[in-house]
S.K.: 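Mind looking over this structure? Questions follow.
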Protein chains: 2
Amino acid sequence: MELSQAKNKFIQTWGSLGTQWGISKTMAQIHALLIVSPEVLSMEDIMAELHISRGNASMNLRNLIDWGIIFKEYKPGERREYFSAEDNIDELARKIAKERSKREIKPTLRVLQEVSQLEHSQTEEAVHFKKKTAELYEFLSRADNMLEKITDYKESWITKTIMKLMK
Amino acid sequence: MELSQAKNKFIQTWGSLGTQWGISKTMAQIHALLIVSPEVLSMEDIMAELHISRGNASMNLRNLIDWGIIFKEYKPGERREYFSAEDNIDELARKIAKERSKREIKPTLRVLQEVSQLEHSQTEEAVHFKKKTAELYEFLSRADNMLEKITDYKESWITKTIMKLMK
DNA sequence: TTATACTTTCAAAAACAAATGAAACTTATT
DNA sequence: AATAAGTTTCATTTGTTTTTGAAAGTATAA
């Protein structure tokens with residue numbers, strides 16, 4: 001296999017992984033492309049490599065920047081904007097985890113909290129409802145917490161200790 | 001808030017969480033409904049509660065069964081099938097994690113493994129490509145491993161130890 | 001201030017994913 | 001073996017999300 005094939009395969013795979021996890025294909029593909037690109041790329045470069053339109057490139061680049069996982073760069077004396085990916089993978093994971101927690105987990109936790117508060121529940125159904133939603137709340141908030149700890153202190157002794165325990 | 005409202009809110013929220021994580025809305029909603037239902041439900045019940053068609057219900061029920069997170073039950077003397085949800089939440093998480101690993105992470109790992117094997121890489125681009133894909137492989141396989149350990153041995157001393165460390 | 005190089009926006013189109021519903025199928029009952 | 005009760009399938013429709021592309025917007029340089 002040669003580089004261009006391998007590169008393409010990686011980009012496609014990353015795109016479909018993205019899709020399966022609720023991230024648009026193009027967004028994941030642009031990210032993949034920037035990860036394996038040793039040089040910063042312009043919007044034109046990205047459009048050409050992935051065969052996508054200007055608008056599509058622009059929107060997804062902005063989205064990736066909002067997620068904090070790619071960056072705009074300026075070359076001295078040039079008008080054009082260039083883009084590069086976060087190149088520390090632990091840091092990448094940390095940002096993704098943080099963002100998904102903020103956008104998806106936290107709001108769900110608020111709802112679980114709220115609905116599990118249900119008052120005057122006499123019926124069996126209501127009792128069961130409270131119990132289950134409270135359990136989900138407990139579980140999800142613990143998982144969220146754990147993820148936060150793991151990703152926040154990637155280099156701390158706690159993570160190293162865990163890693164050792166898990167060997 | 002009364003039960004029916006709370007229930008509805010929970011089902012909607014769970015549905016949209018599903019969507020954001022790449023699971024179809026109806027599939028997540030059926031699951032939510034079964035979780036908070038103290039009694040087993042028939043397909044008719046589910047169709048009525050969620051206002052969905054027979055086909056939709058049938059397909060998503062099968063899907064949930066394939067994931068191993070809901071079960072078919074038979075009432076003695078009745079032809080009709082009933083459904084119930086896995087009611088241990090740790091077990092639920094374990095099954096979801098295992099399934100997503102099998103369907104999405106493992107195949108991605110295989111590709112990363114393969115493309116990072118790229119030979120005769122002289123150019124800077126090829127060297128960089130190998131390095132990055134190898135890093136991603138390392139990271140993803142470690143994360144996958146960790147998740148497996150955590151979910152597999154929910155009750156083991158290792159998990160308890162980690163939990164204590166994380167307090 | 002005008003031309004130029006580049007980026008962003010957004011309405012419309014295309015692509016994709018999910019849902020419907022009727023027909024086919026299965027299994028049990030008379 | 002015919003009827004009934006229930007379930008599954010799948011071609012078609014509906015709905016949602018993504019993408020396009022042209023127009024509007026911005027910033028720089030001449």
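Here the structure is a predicted model, which means the values were calculated and not measured. A note on names: the letters A, B, ... follow the listed sequences, proteins ahead of strands, and every chain is numbered from 1.
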S.K.: Return the residues of residues 24-44 of chain A meeting this criterion: a heavy atom under 4.0 Å from some atom of DNA chain C. Order them by number, or give none.
M.R.: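 Of all residues in residues 24-44 of chain A, the ones placing a heavy atom under 4.0 Å from DNA chain C are A/Met43.
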
S.K.: Quick one: does NZ or CZ of B/Lys7 land under 6.0 Å from the six-membered ring centre of A/Phe129, within 45 degrees of the ring axis?
M.R.: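 Output no; distance or angle outside limits.
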
S.K.: Answer yes when B/Glu148 and B/Lys98 have at least one side-chain N-carboxylate O distance shorter than 4.0 Å, and no when they do not.
M.R.: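 Salt bridge flag = no for B/Lys98 with B/Glu148.
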
S.K.: Of all nucleotides in DNA chain D that come within under 4.0 Å of a heavy atom of chain B, which is furthest toward the 5' end and which toward the 3' end?
M.R.: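 So the outermost contacting nucleotides come out as D/dA4 to D/dC10.
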
S.K.: Between A/Phe83 and A/Asn56, name the one whose nearest nucleotide on DNA chain C is closer to the 5' end.
M.R.: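 Per heavy-atom nearest nucleotide, the more 5' residue is A/Phe83.
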
S.K.: With the side chain counted from C-beta on, respond yes when B/His31 and B/Ile70 share a heavy-atom pair under 4.5 Å apart, and no when they do not.
M.R.: yes

S.K.: Find the distance A/Glu78:CD to C/dT4:P and express it as a whole number of Å.
M.R.: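 About 19 Å, once rounded to whole Å.
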
S.K.: Please state how far atom CD1 in A/Ile52 lies from atom P in C/dT7, giving the value in whole angstrom units.
M.R.: 13 Å

S.K.: Relative to the 5' end of DNA chain C, which residue comes earlier, A/Tyr82 or A/Thr19, by the nucleotide with the nearest heavy atom?
M.R.: A/Tyr82

S.K.: Answer yes or no: does a side-chain N or O of A/Arg62 lie under 4.0 Å from OP1 or OP2 of C/dT9?
M.R.: yes

S.K.: Just how far is it from atom CE of A/Met1 to atom CD of B/Glu119, taken to the nearest 0.5 Å?
M.R.: 10.0 Å

S.K.: Please name the residue in the list B/Asn56, B/Thr19, B/Leu64, B/Leu61 that meets the side chain to side chain contact (heavy atoms under 4.5 Å, CB included) test with B/Met27.
M.R.: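 When side chain to side chain contact (heavy atoms under 4.5 Å, CB included) is applied between B/Met27 and each of B/Asn56, B/Thr19, B/Leu64, B/Leu61, only B/Leu64 qualifies.
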
S.K.: In whole Å, I'd like the distance from the CG atom of A/Asn63 to the P atom of C/dT9.
M.R.: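 Spelled out: CG on A/Asn63 to P on C/dT9 is 12 Å.
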
S.K.: Surrounding NZ of A/Lys95 (heavy atoms of other residues, nucleotides or ligands, distance under 6.0 Å), is the total greater than 12?
M.R.: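 Counting neighbours around NZ of A/Lys95, more than 12 heavy atoms of other residues, nucleotides or ligands fall under 6.0 Å, so yes.
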
S.K.: Does a side-chain N-to-carboxylate-O contact under 4.0 Å join B/Arg103 and B/Glu99?
M.R.: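 Looking at B/Glu99 together with B/Arg103, the answer is yes, because their closest N to O distance falls below 4.0 Å.
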
S.K.: Where do N or O atoms of nucleotides 28-30 of chain C meet protein N or O atoms at under 3.5 Å, pair by pair?
M.R.:
residue : atom : partner : partner atom : Å
C/dA28  : O4'  : B/Arg79 : NE           : 3.3

S.K.: Can you measure A/Ile65 atom CD1 to C/dT7 atom P for me and round it to whole angstrom units?
M.R.: 11 Å

S.K.: Where do A/Glu124 and B/Pro38 come nearest, in terms of heavy atoms and distance?
M.R.: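 Of all heavy-atom pairs spanning A/Glu124 and B/Pro38, the closest is OE2-CB, 3.7 Å.
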
S.K.: Would you indicate what B/Arg54 reaches in the nucleic acid, counting non-hydrogen atoms under 4.0 angstrom: base, sugar-phosphate, or nothing?
M.R.: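 Base contact.
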
S.K.: What is the distance, to the nearest angstrom, from the CD atom on B/Glu81 to the C1' atom on C/dT27?
M.R.: 11 Å

S.K.: Is the number of heavy atoms from other residues, nucleotides or ligands under 6.0 Å of B/Lys25 NZ greater than 12?
M.R.: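 For B/Lys25, atom NZ is not crowded (no more than 12 foreign heavy atoms under 6.0 Å).
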
S.K.: How long is the line joining CD1 of A/Ile23 and P of C/dC16, in whole Å?
M.R.: 19 Å

S.K.: Tell me whether B/Lys9 is salt-bridged to A/Glu114, with the criterion being a basic N under 4.0 Å from an acidic carboxylate O.
M.R.: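 Salt bridge: yes.
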
S.K.: To the nearest 0.5 Å, tell me how far B/His51 NE2 sits from B/Ile46 CD1.
M.R.: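 Here the rounded value is 13.5 Å.
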
S.K.: Specify the separation, in whole Å, of atom CG of A/Leu61 and atom C1' of C/dT8.
M.R.: 12 Å

S.K.: Judged by atom type as modelled, is there a donor-acceptor pair below 3.5 Å linking the side chain of A/Lys132 to the main-chain atoms of B/Asp87?
M.R.: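 Here the side-chain-to-backbone pair exists.
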
S.K.: Take atom CD1 of B/Ile46 and atom C1' of C/dA19, then tell me their distance rounded to the nearest Å.
M.R.: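 After rounding, the gap between these two atoms is 16 Å.
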
S.K.: Any side-chain N or O of A/Lys72 under 4.0 Å from OP1/OP2 of C/dC6?
M.R.: no

